[in-house]
Amino acid sequence: MDDKFLEPYDHKATEARIYKEWEESGYFNPDICIEKGVTAPDAEPYTIMMPPPNATGVLHMGHALMLTIEDILVRYHRMNGRRTLWLPGTDHAAIATQSKVEKEISKKEGKSRHDLGREELVRRIEEFVEDSRSTIRSQIRVMGASCDWSREAFTFDEPRNRAVRTIFKMMYDDGLIYQGNRIVNWDPKGQTTISDDEIVHEERVTKLYTFKYSPDFPISISTTRPETKVGDTAVAVHPDDPRYKEYVGKEYDMVFAGVPIHIKIVADEEADPAFGTGALGVTPAHSQADWAIADRHNLPRPQVINEFAKMTVGGPELLGKKTTEAREVIVSWLREQNLLEKEEDTKQNISTAERTGGVVEPLPKLQWFIDVNKKISARGNRSLKELMRDAVAGEEKDGPIRIVPEHFSKTYFNWINNLRDWCISRQIWYGHRVPVWYRGDEMYCGVEAPEGAGWEQDPDTLDTWFSAGIWTFSALGWPEKTEDLKIYHPTHVLETGYEILFFWIARMILMTEYALGEVPFKTIYLHGTVRDGQGRKMSKSLGNGIDPLDIAEKFGADAGRMALIAGTAPGTDSKISEDKIKGYKHFANKIWNITRFVLSNTENIPSEEPALSEKDAAHVKELETLCREVTADLEAYRLHLASEKIYHYIWHTFADVIIEEAKPRLLGADAADKLSCQWFLREALLTSLQLLHPFMPFVTEEIWKSARWPNLSPVLMVEKWPKG
RNA sequence: GGGCGAUUAGCUCAGUUGGUAGAGCAACCCGUUUACACCGGGAAGGUCGGGGGUUCAAGUCCCUCAUCGCCCACCA
């Protein structure tokens, strides 16, 4: 017996060394597994694309949970003989990364992005991203993730860049990507558009003002944003509202707060007779809803607020003022003119930009969009929205993709049903540049820049989810027709947090169905949010975050992994505390001690199965049942149950019952019974280590290597899975 | 406003297709024996949020009420 078993298990002296040995063995790479004969050349593939962490810094507990779940699945399938690929990567996370680096530069050097210029800013960001990526790589290693580093990809490296330009061109040629002047969510702080999904709503108390544009205007309206009213072109009333019927169709010219306005009274279902006065002042250029009303009634849409949230009309008291100041100016003007009828407190959800916290200003702008409703002839005359809907199994449809837990399919369909065209252009500098060039009135879209002089590329970059959407196949080399793409796509499981079901998962389905005509993955496994011991979200401001690296250092990555997965059902939030993790550190030591006992009692016994006593035959049956149950749980994504069953068997059956009962038998005079007992002790240990390996890979591998059992694979990671 | 989920032992949560209620932690009693005090043995603890229904049988399926939470949304 190796002397190290005489001491308690030391994760610090073990984990990094074992990871290095795995890496050097090459077994993370499925090709090498075939080469070395541990995987059959014709084995069925099993693929997971790692959701690429944002290159904005360090990994948190959510990433640790993601890596744990995926590594369990990957190690299980690898042991089960599948040609297993887990492809790691990082995401350039355009807007998140740029705003992070901009903040740092502004803090350290007091410079803005305009002081540096586009090229210099991008260079600085790339530097930061390189650092960040190498930190992330080492953190992924600490967690024990058995991913294939030889295939590592980055959403913004050259092959992925090319993939983005290629699919953009395809969609442009198919008329799915179009440029449109539409109302978009403008972030005045970040100076860019953002998608609907990058908005967070904050409830605030604000004033609701009720007033008339002028003394001779017949209808009063209510608004929370008086400053936008200089951009009004209509008042909408409900078609059935008897109070206003007589005015519908009439037009009025007035001067409102020094700005001439022309108002038409229109009848529109959008106006709610029960809200306020039942009449709605229509500001087409600065409200999504009003833009739509203007569409229906063919109204002009003057813009009165600019990209810096400042007024672009009015006299000196208004022009150039911030919207918040302009509001004061207009309210006092209304008071002076005796036009203000009511002023009341109301609760309002205001839209803010997730990344910068800026208050979103709806503005009409020329942007690039993806049309989700246009029929695509090459895809059975279905639209992108229909492709997304048809791909998923649920009450509405019975598509090929299954979501775990199932109830999230309802959320998914609900989102699809409300989906609008996707604005993909951003006015930030870090990201995939829109592959469109202009020269005078000419416009060119292509994978490469056009020939000839005088072409200017569109300055906009693409929403980071555009490149993330093609991840499952771009990371495998698309648009090249690579072997990897042929073998490993569609992937098997997409495992990620439920909070990015819409952002990312839905977009991957959209892009993959469009580009390849197949699903990106067969199963979506959603995990919940990892919270602190009291159930609060971990955050910097609360200071309650737990760093996975600290956990690995203090208790071992194995213990952290078990604590994350045990009792954590798919899709539900979980709580983690040091007490829980400590319990699993003790468990690692427990199996270490079990090994000490078994090894010291089974030296030099033959490896063939002897005649088993009745008791041991029953133990074998019990162990086989465990193997079957654990296997079934893993196949059905019940990882939390699988982990608990193994834990329970090892501690409370193997250690507490089988070993205790073995002690007198090992001292007894019955040689046949002793041999049977010894053989089963070893058998139970071997099987326990195999079953536990996906969950606690380090300690199990260390035991396996140090024990040096004859006739067994020297590396547990590629030992056969015990099916029972 | 629309959608989704939760409510089970003191705490944190499991409970797969309906078949005698489970784990971890905490608390209680006892214990150092071929591994392990990062331990073992034992006992205690729940009318599964309330009400109704389906069924031979319901924590599990259906209806309803209550409380809490999350997501989405252009009520000005």
Side-chain angles (χ1 to χ4, degrees), chain A residues 1 5-6 8-9 183 185 196-197 199 201 208-210 221-225 228-229 232 235-236 270-272 274-283 286-293 346 348-349 351 362 405 407-415 417-420 498-499 501-502 528-529 531 533-535 537 555 559 562-563 566-569 571-577 579-580 582-601 629 632-633 635-638 640-645 647-648 651-652 655-656 659-660 662-667 681:
Chain A
M1 184 171 71
F5 288 114
L6 300 175
Y9 175 60
I183 199 150
N185 308 306
D196 295 344
D197 305 298
I199 287 179
H201 296 282
L208 180 68
Y209 302 95
T210 302
I221 57 161
S222 301
T223 185
T224 53
R225 299 200 59 192
T228 64
K229 296 290 108 180
D232 282 13
V235 164
E270 179 74 23
D272 176 2
F275 187 89
T277 63
L280 163 64
V282 181
T283 322
H286 299 288
S287 151
Q288 298 266 4
D290 295 3
W291 181 271
I293 295 173
T346 182
Q348 192 194 21
N349 274 332
S351 306
H407 72 254
F408 274 101
S409 64
K410 291 183 192 167
T411 314
Y412 176 83
F413 288 119
N414 194 261
W415 180 79
N417 291 339
N418 297 314
L419 184 64
R420 297 183 296 166
Y498 59 68
E499 71 279 3
L501 180 61
F502 309 135
T529 307
R531 296 165 179 275
Q534 294 161 51
K537 268 197 173 171
F555 304 103
M562 269 306 260
T568 305
T572 51
D573 292 356
S574 56
K575 297 188 178 75
I576 191 132
S577 59
D579 273 350
K580 187 175 181 186
K582 196 161 73 186
Y584 290 105
K585 173 179 156 35
H586 295 175
F587 179 57
N589 193 52
K590 186 75 184 180
I591 189 148
W592 187 258
N593 287 317
I594 289 171
T595 307
R596 180 187 309 146
F597 179 85
V598 172
L599 287 181
S600 63
N601 281 291
E629 285 180 4
D633 283 338
E635 290 289 340
Y637 300 99
R638 298 185 295 253
H640 58 302
L641 295 186
S643 65
E644 283 159 27
K645 277 175 192 158
Y647 173 90
H648 203 258
W651 202 310
H652 300 296
D656 291 349
I659 287 185
E660 289 310 318
K663 288 174 182 173
R665 294 174 67 197
L666 293 166
L667 293 172
L681 283 175

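Here the structure is a predicted model, which is why all the values come from computation and not from measurement. In what follows, every chain begins at residue 1, and chains take the letters A, B, ... in the order their sequences are listed.
Between A:Thr572 and B:rA14 there is a side-chain N or O to OP1 or OP2 distance below 4.0 Å. Side-chain N/O atoms of A:His586 include one lying less than 4.0 angstrom from OP1 or OP2 on B:rC39. OP1 or OP2 of B:rA23 has not a single side-chain nitrogen or oxygen of A:Trp651 nearer than 4.0 Å. Considering only side-chain N and O atoms, A:His648 lies nowhere under 4.0 angstrom from the phosphate OP1 or OP2 of B:rA14.
Between A:Gly276 and A:Pro8, it is A:Pro8 whose nearest contact on RNA chain B lies nearer the 5' terminus.
With both pairing distances under 3.5 Å, B:rG24 is matched to B:rC11 as a Watson-Crick or G-U wobble pair. Across every strand in view, B:rG5 sits in a pair with B:rC68 that passes the Watson-Crick or G-U test at under 3.5 angstrom. Across all strands shown, B:rA44 has no partner, as no Watson-Crick or G-U wobble contact with both distances under 3.5 Å is found. Pair assignment for B:rC56: B:rG19, on the basis of Watson-Crick or G-U wobble contacts that are both within less than 3.5 Å. When both distances must be under 3.5 Å, the Watson-Crick or G-U wobble mate of B:rU34 does not exist. Across all strands shown, B:rC74 forms no Watson-Crick or G-U wobble pair with both key distances under 3.5 Å.
For A:Glu270, counting side-chain heavy atoms from C-beta on, the closest listed nucleotide (B:rU16, B:rC74, B:rC36) is B:rC74. Of the listed nucleotides (B:rC36, B:rA73, B:rG40), B:rG40 has the atom at the smallest distance from the side chain of A:Asp656. Candidate nucleotides B:rA35, B:rU34, B:rA76 were compared by shortest atom distance to the side chain of A:Leu666, and B:rU34 ranks first. When distances are taken from the side chain of A:Thr224 to each of B:rG5, B:rA76, B:rC36, the shortest belongs to B:rA76. Considering only the side chain of A:Glu644, B:rA14 comes nearest among B:rU16, B:rA14, B:rU34. The A:Asn601 side chain lies nearest to B:rU34 when the options are B:rA35, B:rA76, B:rU34. Checking B:rA73, B:rG41, B:rA35 against every side-chain atom of A:Asn349, the shortest atom distance belongs to B:rA73.
For A:Gln288 against B:rA76, a side-chain-to-base donor-acceptor contact under 3.5 Å is absent. Counting atom types as modelled, A:Lys590 pairs a side-chain N or O with a base atom of B:rC36 as donor and acceptor under 3.5 Å.
In this structure, A:Leu599 atom CG and B:rA35 atom P are separated by 15 Å, rounded to whole Å. For A:Asn418 and B:rC4, the CG to P distance is 12 Å, given to the nearest whole Å.
Here A:His286 lies out of heavy-atom contact (under 4.0 Å) with every strand. Across all strands shown, A:Ile221 has no heavy atoms under 4.0 Å from either base or sugar-phosphate atoms. When heavy atoms are screened at a 4.0 angstrom cut-off, A:Gly583 is found touching no nucleic acid atom at all. Using a 4.0 Å heavy-atom criterion, one finds that A:Ala292 contacts no nucleic acid atom at all. Nucleic acid contact for A:Phe502: sugar-phosphate only, since backbone atoms but no base atoms lie under 4.0 Å from a heavy atom of the residue. Here A:Arg638 lies in heavy-atom contact (under 4.0 Å) with a base.
Ring-plane geometry between A:Trp592 and A:Tyr9 is classed as tilted, the angle between the planes lying from 30 to 60 degrees on a 0 to 90 degree scale. Aromatic ring orientation, A:Phe587 versus A:Tyr647: tilted (interplanar angle from 30° to 60°).
The same atom, C1', is picked in B:rG50 and in B:rG59; the two are 15 Å apart, to the nearest Å.
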